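Input: one structure, supplied below.
We're numbering straight along the sequence, starting at 1. It should be emphasised that the depicted structure is a prediction, and the values quoted were computed from it without experimental measurement.
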Amino acid sequence: MTENNTENSTQTTQHHQTDQKTALVTGANKGIGYEIAAGLARLGFRVGLGARDTGRREEAVAKLRAEGLDVFGVPLDVTDDASVAAAAAQLEAQGGLDVLVNNAGVTGGVPQEPTRVSPELVLAVVDTNVVGVIRVTNAMLPMLRRATSPRIVNVSSTVGSLTLQTAQADAVGPISAAYSPSKSFLNAVTIQYAKELADTGILINAGCPGYVATDLNGFQGHRTPEQGAAIFLQLATLPDGGPTGTFRDDEGIQPW
Ligand code: NAP
């Protein structure tokens with residue numbers, strides 16, 4: 001509680017004085033999430049950096065504030081109901097939410113052959129990458145329903161595309177029993193949300209950042225986190241009446 005107050009006190013006042021939109025990015029302390037948060041703040045959003053580790057969260061907030069950006073920390077573990085409820089309460093107290101970016105994700109490590117994978121590892125990856133998205137989205141939904149141009153953006157991957165995994169000789173992604181299927185599951189869930197929310201004005205889309213150098217892949221990716229963030233900035237700022245229930249990357253629409 002003390003931590004929340006310290007992180008947010010000055011910003012709360014500012015929010016009530018402007019029409020500024022608020023965004024929440026989960027897993028925003030590093031990698032692609034950090035750059036999505038930075039990008040949205042540079043576009044004029046007031047951005048909550050959702051992150052579970054206090055030190056890393058405060059460091060990220062301080063770095064972006066040093067750039068003059070309007071950001072604040074949101075303690076958030078997407079696998080924890082109480083943490084997600086507290087995050088929603090914090091945002092509600094600070095005036096609501098316009099844009100939710102579900103970015104937090106884990107791979108579960110390698111190797112991950114389906115014949116050897118532990119059921120516990122699969123459950124852990126799905127809990128973060130899929131159930132975490134549902135948990136956070138549903139907690140934030142009452143605020144999003146009240147927003148004028150609400151957007152939900154799910155950070156997925158083309159390694160979760162069943163079409164791309166099977167249609168090509170050089171199919172995308174490694175053999176993966178947890179990570180790739182978790183992104184297929186996330187894509188499927190995105191479609192279901194889009195169907196249910198079709199008439200609400202809430203646009204929900206999934207995106208793929210490409211292969212980005214982050215902790216997730218031991219910095220093997222060939223794109224920068226800033227390049228990876230670009231598609232999500234686009235999806236977060238779609239015009240009213242724009243697409244919903246789609247899966248995209250920088251090249252355009254991708255098959256599910
Ligand atoms: P990253 O640098 O490892 O960042 C992952 C972020 O998620 C970290 O901030 C991490 O926080 C957070 N996180 C993990 N579990 C969490 C939880 N339970 N609650 C809250 N936060 C949690 O990796 P990244 O590459 O930027 O990944 C971001 C997203 O992009 C993921 O969804 C990933 O699947 C997706 N993606 C990445 C690539 C790529 O090439 N890198 C490609 C396609 C899709 P901690 O610091 O506390 O661990």
Side-chain angles (χ1 to χ4, degrees), residues 3-4 6-8 10-12 14-15 18 20-78 83-84 86-88 90-91 94-106 128-129 132-133 136-137 139-140 143-144 147 149-157 204-210 212-216 221 223-238 250:
E3 176 185 78
N4 282 2
T6 316
E7 281 181 318
N8 305 309
T10 52
Q11 302 298 319
T12 306
Q14 195 172 348
H15 180 65
T18 68
Q20 197 176 18
K21 287 188 171 155
T22 301
L24 172 68
V25 182
T26 69
N29 57 291
K30 63 179 181 181
I32 299 164
Y34 175 84
E35 290 300 338
I36 297 170
L40 288 173
R42 288 182 197 122
L43 288 172
F45 282 87
R46 179 163 179 274
V47 183
L49 273 63
R52 54 186 167 176
D53 179 86
T54 308
R56 287 199 289 272
R57 184 178 62 250
E58 285 175 353
E59 204 179 309
V61 167
K63 228 168 118 188
L64 292 175
R65 279 189 182 166
E67 219 189 286
L69 297 173
D70 192 355
V71 300
F72 59 98
V74 180
L76 178 60
D77 180 341
V78 303
S83 167
V84 171
Q90 179 188 337
L91 286 156
Q94 290 181 242
L97 186 68
D98 299 278
V99 168
L100 169 63
V101 182
N102 288 305
N103 164 80
V106 294
T128 301
N129 295 5
V133 172
V136 173
T137 299
M140 304 301 160
M143 289 180 278
L144 293 168
S149 298
R151 307 288 177 256
I152 301 170
V153 180
N154 291 339
V155 177
S156 185
S157 171
I204 176 165
N205 292 281
C208 175
V212 178
T214 66
D215 263 340
L216 197 89
R223 308 192 82 206
T224 66
E226 205 168 351
Q227 289 171 326
I231 183 64
F232 305 111
L233 300 182
Q234 232 182 78
L235 294 175
T237 56
L238 286 170
D250 281 351

Q.
Could you report the tightest heavy-atom contact between Cys208 and Ser157, atom names first, then the distance?
A. SG-CA, 3.7 Å
Q: May I ask you to decide if Val153's main-chain N or O and Asn205's side chain share a donor-acceptor pair within less than 3.5 Å?
A: no
Q: Taking the side chain as every heavy atom from C-beta outward, state whether Ile32 and Phe232 have any atom pair closer than 4.5 Å.
A: yes
Q. Counting only N and O atoms by type, is there a donor-acceptor contact under 3.5 Å from the side chain of Arg65 to the main-chain atoms of Val71?
A.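 Flag set: sc Arg65 to bb Val71 pair under 3.5 Å.
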Q) What distance do Gln94 atom CD and Thr22 atom OG1 have between them, rounded to the nearest 0.5 Å? A)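 Result: 8.0 Å between the selected atoms.
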Q | Exceeds 12 heavy-atom contacts within 6.0 angstrom, atom CD of Glu59 | A |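 No, because the 6.0 Å sphere around CD of Glu59 holds 12 heavy atoms or fewer from other groups.
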Q.
Under the rule for side chain to side chain contact (heavy atoms under 4.5 Å, CB included), what residues qualify as partners of Val84, not counting sequence neighbours?
A.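 Applying side chain to side chain contact (heavy atoms under 4.5 Å, CB included) to Val84 gives Leu76, Arg135, Val136, Ala139.
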**Q.** Taking every non-hydrogen atom, the tightest pair across Gly50 and Leu24
**A.**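 It is N-CD1, 4.0 Å.
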Q. Between Asn103 and Val155, is there a donor-acceptor pair closer than 3.5 Å when you use the side chain of the first and the backbone of the second?
A. no
Q: Name all residues meeting the side chain to side chain donor-acceptor pair (under 3.5 Å) criterion together with Asn154; count only those two or more places apart in sequence or in a different chain, and write none if there are none.
A: Asn102, Thr190
Q | Side chain proximity check, Asp53 to Asn29, heavy atoms < 4.5 angstrom | A | no
**Q.** For the student: nearest non-hydrogen atoms of Val74 and Ala87, plus distance
**A.** CG1-CB, 3.5 Å
Q) Under 3.5 Å, is there a donor-acceptor pair between the side chain of Arg57 and the main chain of Gly73? A) no
Q) What distance do Thr26 atom OG1 and Leu49 atom CG have between them, rounded to the nearest 0.5 Å? A) 10.5 Å
Q.
With heavy-atom distances below 4.5 Å as the criterion, would you say the side chains of Val133 and Val78 are in contact?
A. no
Q: Could you note down all residue pairs passing side chain to side chain donor-acceptor pair (under 3.5 Å) where residues 30-43 supplies at least one of them, sequence neighbours left out?
A: Lys30-Asp215, Arg42-Glu67
Q) Minimum heavy-atom separation for Pro209 to Ser156, with atom names? A)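 Here Pro209 and Ser156 meet closest at CD-O, 3.5 Å.
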Q: Using the test side chain to side chain contact (heavy atoms under 4.5 Å, CB included), find all partners of Phe45 that sit at least two apart in sequence or belong to another chain.
A: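 For Phe45, the residues satisfying side chain to side chain contact (heavy atoms under 4.5 Å, CB included) (neighbours in sequence not counted) are Lys21, Ala23, Leu40, Leu43, Val47, Val99, Thr237.
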Q: Search all heavy atoms of Ala60 against all heavy atoms of Ala28 and return the closest pair with its distance.
A: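 It is CB-O, 4.4 Å.
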Q | Approximate separation, where rounding is to 0.5 Å, of Asp98 CG and Arg46 CZ | A |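 Those atoms lie 11.0 Å apart.
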Q) So, for Thr214 and Pro225, which heavy atoms are closest and what is the spacing to 0.1 Å? A)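 For Thr214 versus Pro225, the nearest heavy atoms are CG2-CG, 4.4 Å.
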Q) side chain to side chain contact (heavy atoms under 4.5 Å, CB included) with Ala213: which residues, sequence neighbours excluded? A) Phe219
Q) How long is the span from the CD1 atom in Ile36 to the CD1 atom in Ile231, to the nearest 0.5 Å? A)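 Between atom CD1 of Ile36 and atom CD1 of Ile231 there are 10.5 Å.
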Q.
Quick one: does any side-chain atom of Asp70 pair with a main-chain N or O of Gly44 as donor and acceptor, under 3.5 Å?
A.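 Such a contact is absent between Asp70 side chain and Gly44 backbone.
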(Q) Checking Arg223 now: which residues fulfil salt bridge (Lys or Arg N to Asp or Glu O under 4.0 Å) with it, not counting sequence neighbours? (A) Asp250
